[in-house]
There are 2 protein chains.
Amino acid sequence: MRKVPAQIASKLHLALPLIAEQGLEQTKIDEIADTAGIPKATLYYYFSGKEEILAFLFEDMLTAIADEASIAMGTEGTAVERLEAVVATQIRLLTQNRALGSALIGDLGRISRSPALVDSLQSAFYTPVENLLIEGAGDGSLRAIANPLLGSMTIFGSVIMSILVTVIAPADDLDVPNDLAGELLDVVMRGLLP
Amino acid sequence: MRKVPAQIASKLHLALPLIAEQGLEQTKIDEIADTAGIPKATLYYYFSGKEEILAFLFEDMLTAIADEASIAMGTEGTAVERLEAVVATQIRLLTQNRALGSALIGDLGRISRSPALVDSLQSAFYTPVENLLIEGAGDGSLRAIANPLLGSMTIFGSVIMSILVTVIAPADDLDVPNDLAGELLDVVMRGLLP
DNA sequence: CTAAGTCTGTACTCGCAGTACAAACATCGT
DNA sequence: ACGATGTTTGTACTGCGAGTACAGACTTAG
């Protein structure tokens with residue numbers, strides 16, 4: 001895969017609603033080309049096919065999330081505060097690009113089939129959260145759970161589920177992403193028991 | 001779609017590892033036919049295409065989960081105890097049929113595109129959990145969270161994520177599904193704060 | 001001002017999803 | 001026994017659309 005110019009990358013996003021709505025399988029490459037305003041021949045100059053186009057866009061978003069999460073992790077504050085910042089960042093970037101976000105969440109299978117994407121997913125979601133959980137257990141701001149990975153999975157799971165739900169059935173009583181991060185963390189932090 | 005005989009349905013499961021591994025897109029209908037030992041013409045007699053085959057299998061699993069969850073909900077015990085039973089059931093059925101479970105989780109996008117499957121998903125996962133959360137808030141065994149839906153999403157999210165992770169990177173230190181339900185609920189119930 | 005790389009239009013191949021259809025086979029009511 | 005109705009399957013086919021081939025235009029830099 002050649003280095004993709006920013007111009008092309010940005011145009012590709014125009015085709016995302018299409019892909020998110022009907023799935024990659026049902027989306028013809030000519031549709032993508034037309035919607036994005038990129039000639040088919042040019043697409044094939046940069047990518048080897050549909051799969052790679054979507055993978056590129058996923059990688060793009062995951063890298064952006066990983067970068068911003070890394071910044072959020074480096075700020076001042078307790079582990080809990082930074083955890084909140086990281087999760088808020090993840091939610092913000094996922095919802096900001098709703099079509100890409102929902103395509104990504106709806107296609108976890110595709111991600112799990114590509115080692116490169118699995119890496120990016122981990123850098124964007126698991127690793128930062130898991131590190132903060134461990135750190136928080138160290139400084140006492142979080143309890144030491146038996147399996148920090150399980151904690152990060154719980155957080156990741158609630159993040160993507162809440163977003164998926166807003167895609168399936170746009171909830172009127174939930175202001176995504178402004179309220180979501182806060183409410184969600186409240187549940188995850190304090191638990192469900194009284 | 002005609003009524004699918006049990007014989008056919010059960011044979012179809014043979015093709016699932018294939019689909020889970022390489023995705024439906026890359027799986028040829030002849031491969032499915034060969035692997036399952038069902039003539040292609042017969043497949044098209046019952047289903048209108050690949051999509052519908054997978055949708056049928058998803059529906060199958062989701063209905064089974066909804067049924068057993070409903071049974072678990074009806075047993076004796078506090079809301080919390082029954083919640084544990086429901087979640088354990090969900091995890092058990094998802095992991096019991098690992099290929100189908102991971103195909104389902106990896107393809108949430110496909111599910112969200114089909115109203116019928118969305119319904120089944122809700123009956124299998126959201127509704128029972130959400131009801132128990134509300135019930136628990138009523139009898140005092142759970143705290144009254146602002147948004148019960150968020151609680152059920154958190155639980156559903158952690159369930160599917162933990163399973164997805166074991167698919168991506170089979171963890172040696174986690175005995176799925178025996179330990180999973182317990183550990184996971186511990187995290188979700190007590191929260192991450194000390 | 002040429003060489004190497006980028007971009008795009010046009011025309012093509014071909015694999016595979018889905019169709020058509022007829023013949024074999026089963027089931028059942030009368 | 002027998003027609004009627006539905007099931008099952010083999011074989012042969014059609015057509016869409018992914019991906020390829022390639023030539024010519026256009027850009028950039030050495």
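Lettering of chains follows the sequences in order, A, B, ..., and the numbering in each one begins at 1.
Counting only heavy atoms from C-beta on, B:Lys28 has its side chain closest to C:dC16 among D:dT11, D:dA18, C:dC16. Distance from the side chain of A:Tyr44 is smallest to D:dA18 among D:dA18, D:dT11, C:dA17. The side chain of B:Lys40 sits closest to C:dG18 out of D:dG19, C:dT6, C:dG18. Checked against C:dT10, C:dG18, D:dT7, the side chain of B:Arg2 finds its nearest nucleotide in D:dT7. Side chain of A:Pro39, nearest nucleotide from C:dG18, D:dG10, C:dG9: C:dG9.
At whole-Å resolution of the value, OH in A:Tyr45 and P in D:dT27 are 15 Å apart. Between A:Asp30 atom CG and C:dT10 atom P the separation is 13 Å, expressed in whole Å. Rounded to whole angstrom, the span from the CD atom of A:Glu51 across to the P atom of D:dG19 amounts to 8 Å. One interatomic measurement links the two molecules: CG of B:Leu43 to P of D:dT9, which rounds to 10 Å at whole-angstrom precision. When the P atom of D:dT7 is taken as reference, atom CD1 of B:Ile8 falls 11 Å away, rounded to whole Å. With rounding to whole Å, B:Asp34 atom CG is found 12 Å from C:dC16 atom P. C:dC16 atom P lies 14 Å from atom CD of A:Glu25, rounded to whole Å. Distance B:Ile29 CD1 to C:dC16 P: 12 Å, rounded to the nearest Å.
A donor-acceptor pair under 3.5 Å is absent between the side-chain atoms of A:Thr35 and the main chain of A:Ile32, judged by distance alone.
The pair B:Lys50-B:Glu25 fails the salt-bridge criterion, with no side-chain N (NZ, NE, NH1 or NH2) lying under 4.0 Å from an Asp/Glu carboxylate O.
For the pair A:Arg110 and A:Phe58, the NZ or CZ position fails the cation-pi test of under 6.0 Å to the six-membered ring centre and within 45 degrees of the ring normal.
Using modelled atom types, one finds a donor on one side chain and an acceptor on the other under 3.5 Å when comparing B:Ser120 with B:Glu59.
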